[in-house]
Structure formats: C-alpha cells, structure tokens
Amino acid sequence: MNTRFLVYTATAAAFLGLAGCASAPGESIYVPAGGSKAEAPEPPKASSKEDKPRVWRKSEQPDVSEPAEPAPRSSSPSYRDAGDSLSPAAISLIRESDNLLAQGDAPAAIARLERAQRIAPRSAEVYFKLSEAYVASNQLGTAEQFTLKGLSLAGSDARLQRSGWLLLADIRRARGNVAGADQAEARASAL
C-alpha cells in the first residue's frame, strides 16, 4: 500500500509540475476555438507617399548658403610674403657663426646656425648663412638645398631673393652645373 501511495503521489506531482510550466503565472494558454484555422488579421499597410505631404529632413534640405563675408585683410604680410624676422638670440648666433667661419671653424659655425634655425625656422637669412657654412665645409649638395629652402622663404624681399639666387649660382658653378648657374644668375638679374 505504501508503494501505491507513493506512485500516485509522484504522478500527481508530475502533472502539477507540467501544468505549472505550461503557462506563466496569471496568463492563459491560447487554444484556437473549434479547431478551424483562424485567419490572422492583415498587417497594417503603409499609406502611399502621394497621400501625405513630403517631410524634409534637415539632412535632405537643399543648401541655402549666405554669401560669405570676405575675411578682413591684415596689414602684416603672411609668412609667404616675408619670412620670420630674426630674434636677438638668432642674430647673436649668426654673428658667432660669422666669427667662427672667419676663423675657419665651419663645423662650429654650422652648429651655431642650426641653433639659430631652431629659433627662427622660417628665416631665409638663417638658411643662406647655413648654406655659406656648408660651402665652407665643402658640402655643396647640402649648401644648394639650404639655399633653395631659403629662396622659398624669402617671400617678396627682392634684396634677399637676389642674394639667394647669386649664392645658388656660385654653388651650382662650383658643382659644375653651368647651365643651372646661368639660370640662377638670370633670376637674380631679373629682380
């Protein structure tokens, strides 16, 4: 009898457990009535675009731009018109390098001029002085490159451009580039 009681109790507990898993608490299980196929309601249809007025999003709106006002012109030239002016420290380093070049110490002069270049990186004069120091140390390729860089920074200063073109002509002639030297002299005489 005890075994029967245990089997009935276990069976009843299993049915109650399955019934509890079949639905969430408080919800009923949906069972279609009558066993016939229930027709699902039709999904809502989007209305055609012609029915509603078009709504423009901000990203789709045509650009309407107001005419830009011209930027106010400054009276000071940009760096393309003229290079940086030399600071007193850079001028002092250039004077030191001139003295060192006069004494024949080109490496020390180059070191001073590189310091001046860090102080005034857009000064054409510093690049021309560096070029002269490299000519003194017989590094003509480097001297030509520094001269070209100085010419790019000379801006509209005709005196500085003329001296740069003449320096470039000397360097090119020393390198054996006679045609390039003639072109540089022609550019200098045109100023």
Side-chain angles (χ1 to χ4, degrees), residues 49 53-191:
K49 292 182 179 179
R54 182 173 171 95
V55 177
W56 290 92
R57 294 185 185 122
K58 184 151 182 109
S59 62
E60 295 175 340
Q61 292 181 354
D63 289 334
V64 178
S65 61
E66 297 178 15
E69 295 182 22
R73 295 185 58 109
S74 65
S75 60
S76 63
S78 67
Y79 78 93
R80 289 185 182 258
D81 291 337
D84 285 349
S85 60
L86 289 174
S87 67
I91 291 171
S92 173
L93 288 168
I94 289 173
R95 286 185 186 144
E96 285 181 37
S97 71
D98 286 341
N99 291 334
L100 289 168
L101 279 176
Q103 296 169 3
D105 192 0
I110 290 171
R112 300 290 193 288
L113 291 168
E114 287 174 345
R115 285 178 53 199
Q117 179 192 15
R118 286 191 291 270
I119 294 171
R122 295 224 164 255
S123 172
E125 293 177 59
V126 172
Y127 285 97
F128 291 152
K129 288 290 184 180
L130 265 168
S131 177
E132 290 173 6
Y134 278 110
V135 167
S137 66
N138 204 21
Q139 298 179 32
L140 298 177
T142 305
E144 185 172 347
Q145 294 302 312
F146 276 112
T147 305
L148 291 171
K149 177 68 176 175
L151 281 169
S152 72
L153 296 173
S156 58
D157 188 346
R159 180 196 58 82
L160 205 54
Q161 285 183 2
R162 186 175 303 113
S163 65
W165 285 113
L166 291 174
L167 179 62
L168 185 63
D170 290 342
I171 293 169
R172 285 181 173 172
R173 197 170 313 279
R175 294 186 76 189
N177 184 0
V178 178
D182 290 343
Q183 287 177 341
E185 285 177 347
R187 296 284 302 263
S189 63
L191 294 172

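The residues of the chain are indexed from 1 along the displayed sequence.
A89 pairs by the side chain to side chain contact (heavy atoms under 4.5 Å, CB included) definition with S87, I119, not counting sequence neighbours. Every residue two or more places apart in sequence or in another chain that forms a side chain to side chain contact (heavy atoms under 4.5 Å, CB included) with D105 is listed here: L100, P107, A108.
To the nearest 0.5 angstrom, R172 atom CZ is 12.5 Å from L140 atom CG. In this structure, the separation between CD on E125 and CG on L153 is 11.5 Å, given to the nearest 0.5 Å. In this structure, OG in S123 is found 6.0 Å from CD1 in I94, a value given to the nearest 0.5 Å. In this structure, L101 CG and Q103 CD are separated by 9.5 Å, a value rounded to the nearest 0.5 Å. Rounding to the nearest 0.5 Å gives a distance of 9.5 Å between CZ of R118 and CG of L93.
Screening residues 158-169 for side-chain hydrogen bond (donor to acceptor under 3.5 Å, both in side chains), with sequence neighbours left out, gives no hits.
A106 approaches S137 most closely through the heavy-atom pair CB-CB, 3.9 Å. The nearest pair of heavy atoms linking A90 to A116 is O-CB, 4.1 Å.
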Could you tabulate the donor-acceptor pairs under 3.5 Å formed by side-chain atoms of residues 173-183, not counting sequence neighbours?
residue, atom, partner, partner atom, Å
R173, NH2, E185, OE1, 3.1
R173, NH2, E185, OE2, 2.7
R175, NH1, E144, OE1, 2.7
N177, OD1, G180, N, 2.9

Which pairs of donor and acceptor atoms, one on a side chain in residues 126-136, lie under 3.5 Å apart (sequence neighbours left out)?
residue, atom, partner, partner atom, Å
Y127, OH, Q117, NE2, 3.1
Y127, OH, P121, O, 3.1
K129, NZ, D98, OD1, 3.3
S131, OG, A143, O, 2.9
S131, OG, T147, OG1, 2.6
Y134, OH, E114, OE2, 3.4

